[in-house]
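Following: one structure in structure tokens, then a few remarks.
Predicted, not measured: the structure shown is a model, and the values here were computed from it. Naming: A, B, ... by sequence-line order, numbering from 1 per chain.
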Protein chains: 2
Amino acid sequence: MKTSLPEPERNRLKHALKSRNLRPTRQRTCVYGVILEKRDHPTADDIHLRVREKLPSISLATIYNCLDTLVECELVKQVHLDRAPTRFCPNRTPHAHFHCRDTGQVYDVSLDDKRLSAIEQFLPDGFTADTIELSFLGRGPETITVS
Amino acid sequence: MKTSLPEPERNRLKHALKSRNLRPTRQRTCVYGVILEKRDHPTADDIHLRVREKLPSISLATIYNCLDTLVECELVKQVHLDRAPTRFCPNRTPHAHFHCRDTGQVYDVSLDDKRLSAIEQFLPDGFTADTIELSFLGRGPETITVS
DNA sequence: GAAATAAATGGAATTATTCTAATCTACTCC
DNA sequence: GGAGTAGATTAGAATAATTCCATTTATTTC
């Protein structure tokens, strides 16, 4: 098993980094790979555990550094829910998040252009936003109910 | 100077607490007063400093406890922006937040029913949200520019 | 008004995040 | 093509945010 990151994603990473004069290090590649692999909105700590299986000596600080770089490159988004550790998400299309009170699971809620521009119009004159974060807290569809 | 909390707000607090079998302690009253006094979205730490002027021995843990109670009573809302400490806001009407990259200031952006229900419709069938958090990150109107 | 019960408090511990000094890498100039 | 150098990367140590839990304080019941 090599550094397991499919070619298209590897290229996307390489180009995004290059345009900012940064390098596709083993650590960055691996962190990006792990986030793409299981799209469950992991925390930095979750990611640390997963990356360690491949790079056993990597520290949590490096995970944060890599994540910050990926966020800067707009390959990864941060999700801030409750008073809880930040989560990370590789979905690059505009979307909101739904956080289930029962299961703790986080779902992506897609936002098309129409929705997005509707939200943008909430802003009073003179304000311009480059980042919009929308999150819902509530209950998702019932999971299997025991009779 | 007594515990400085105008009568209507004092009553609102008292009733909200009572309906949950909780008591309007000096600490809770003071924390609520401080949040209402300067509506600048303070962090727990900011609030601690301000409350200390009146109750010098109060601990930060108690501030968090009081805030959690106020949030439960729906008198105060939590605001989660970036990877930063949680902020608190006594605006009980539906609203979003705008966070200015330049000044760090946080503004309330009001959401009328029409806007609110538009957002609610983003949710797929089966999902119901009791809390919606919407925040913008960007630049606010120019502040005074030096020639 | 005392005992039983429930709530509130804050010091200590935990957890999330950032800082900084040391290391490494890739490019330039000879 | 190799040494020097500037800039990037790394991770241990420090800081900052939040929570836990044993103790204290308040309320209710009898």
Side-chain angles (χ1 to χ4, degrees), chain A residues 3 13-14 16-32 34 41-52 54-73 75-89 104, chain B residues 3 13-34 41-73 75-88 104:
Chain A
T3 5
L13 174 63
K14 214 163 117 183
L17 287 167
K18 192 161 202 179
S19 73
R20 286 165 181 83
N21 273 327
L22 299 170
R23 298 163 210 155
T25 60
R26 215 161 345 119
Q27 287 82 346
R28 286 172 175 167
T29 307
C30 190
V31 166
Y32 191 44
V34 155
H41 303 87
T43 65
D45 209 64
D46 296 332
I47 295 165
H48 186 207
L49 288 173
R50 293 176 200 173
V51 171
R52 261 195 176 165
K54 293 169 185 171
L55 306 173
S57 73
I58 197 170
S59 82
L60 184 55
T62 300
I63 301 289
Y64 271 103
N65 288 339
C66 293
L67 287 170
D68 286 345
T69 304
L70 294 173
V71 168
E72 240 172 73
C73 293
L75 295 173
V76 164
K77 279 183 185 167
Q78 291 181 280
V79 188
H80 304 104
L81 300 171
D82 322 308
R83 225 148 62 194
T86 304
R87 291 152 171 271
F88 297 85
C89 167
Chain B
T3 5
L13 174 62
K14 215 164 114 182
H15 287 127
L17 287 168
K18 192 162 199 176
S19 75
R20 284 164 182 84
N21 275 327
L22 299 170
R23 298 162 212 157
T25 61
R26 218 163 340 124
Q27 287 81 349
R28 285 173 178 168
T29 307
C30 190
V31 166
Y32 191 43
V34 155
H41 303 86
T43 64
D45 210 62
D46 296 332
I47 295 166
H48 187 207
L49 289 173
R50 294 177 200 173
V51 171
R52 261 196 177 165
E53 289 170 14
K54 293 168 186 174
L55 305 174
S57 73
I58 198 171
S59 80
L60 184 55
T62 300
I63 301 290
Y64 271 103
N65 287 339
C66 292
L67 287 170
D68 286 346
T69 304
L70 294 172
V71 168
E72 241 172 71
C73 293
L75 295 172
V76 165
K77 279 183 187 169
Q78 292 181 281
V79 188
H80 305 103
L81 300 171
D82 321 309
R83 225 148 61 191
T86 304
R87 291 152 172 270
F88 297 86

Worksheet entry | Least distance between heavy atoms, A/Phe88 atom then A/Ala44 atom | CE1-N, 4.0 Å

Worksheet item: Hey, is B/Arg87 close enough to B/Asp45 for a salt bridge, meaning N to O under 4.0 Å?
Response: no

Practice prompt. Take B/Thr43 and B/Asp46 through the side-chain hydrogen bond (donor to acceptor under 3.5 Å, both in side chains) test and state the conclusion after the steps.
Written response: CA-CA 5 Å; B/Thr43 64; B/Asp46 296 332; 3.2 Å; yes

Fill in: Atom-to-atom span, CG of B/Asp82 to P of D/dA16 - whole angstrom
18 Å

Practice prompt. Using a 4.0 Å heavy-atom cut-off across all strands, classify B/Thr25 as base, sugar-phosphate, or nothing.
Written response: sugar-phosphate

Worksheet item: Is there a side-chain polar atom (N or O) of B/Tyr64 under 4.0 Å from OP1 or OP2 of D/dT19?
Response: no

Worksheet item: If you look at every strand shown and take non-hydrogen atoms under 4.0 Å, does B/Leu22 touch a base, only sugar-phosphate, or nothing?
Response: sugar-phosphate

Fill in: Which residue lies more 5' along DNA chain C, comparing B/Thr69 with A/Ala44 via nearest heavy atoms
B/Thr69

Worksheet, complete the sentence: Atom CG of B/Asn65 and atom C1' of D/dT25 are separated, to the nearest Å, by 15 Å

Fill in: Whole-Å distance separating the CD1 atom of A/Ile63 from the P atom of C/dT18
14 Å

Fill in: Atom pair distance, as rounded to whole Å: CG in A/Leu60 and P in D/dT15
18 Å

Practice prompt. State, to 0.1 Å, how close A/Gln27 and A/Leu55 come at their nearest heavy-atom pair, and which atoms those are.
Written response: CA-CD1, 3.9 Å

Item to complete: Classify the nucleic acid contact of B/Ser57 as base, sugar-phosphate or nothing, counting any heavy atom under 4.0 Å across all strands shown.
Response: sugar-phosphate

Worksheet, complete the sentence: When rounded to whole Å, the CG to P distance for the pair A/Leu17 and D/dA8 reads 13 Å

Worksheet entry | D/dA11 phosphate, OP1 or OP2, under 4.0 Å from A/Thr62 side-chain N/O | yes

Worksheet item: A/Thr86 near the nucleic acid: base, sugar-phosphate alone, or nothing, with a heavy-atom cut-off under 4.0 Å?
Response: sugar-phosphate

Discussion item. Looking at A/Arg23, I'd like to know whether one of its side-chain N or O atoms comes within less than 4.0 Å of OP1 or OP2 on C/dA26.
Written reply: no

Worksheet item: Nearest-Å distance, NE2 (B/His80) to P (C/dT17)?
Response: 12 Å

Fill in: Nucleotide nearest A/Gln27 (side chain, heavy atoms from C-beta), chosen from C/dT9, D/dA8, D/dT10
D/dT10

Worksheet item: Taking B/Val76 as the fixed residue, which of B/Val31, B/Thr69, B/Asp68, B/Leu70 is the one that meets the side chain to side chain contact (heavy atoms under 4.5 Å, CB included) rule?
Response: B/Leu70

Practice prompt. Select base, sugar-phosphate, or nothing to describe what B/Asp45 touches, counting heavy atoms under 4.0 Å on all strands.
Written response: nothing

Worksheet item: For the pair made of CG in B/Asp68 and P in C/dA8, what is the distance, rounded to whole Å?
Response: 12 Å

Fill in: Separation of D/dA11 P from A/Leu55 CG (nearest whole Å)
9 Å

Practice prompt. Return the nearest nucleotide to the side chain of B/Ile58; candidates are C/dT17, C/dG10, C/dT18.
Written response: C/dG10

Discussion item. Below the 4.0 Å mark, does C/dT18 have OP1 or OP2 next to a side-chain nitrogen or oxygen of B/Arg83?
Written reply: yes

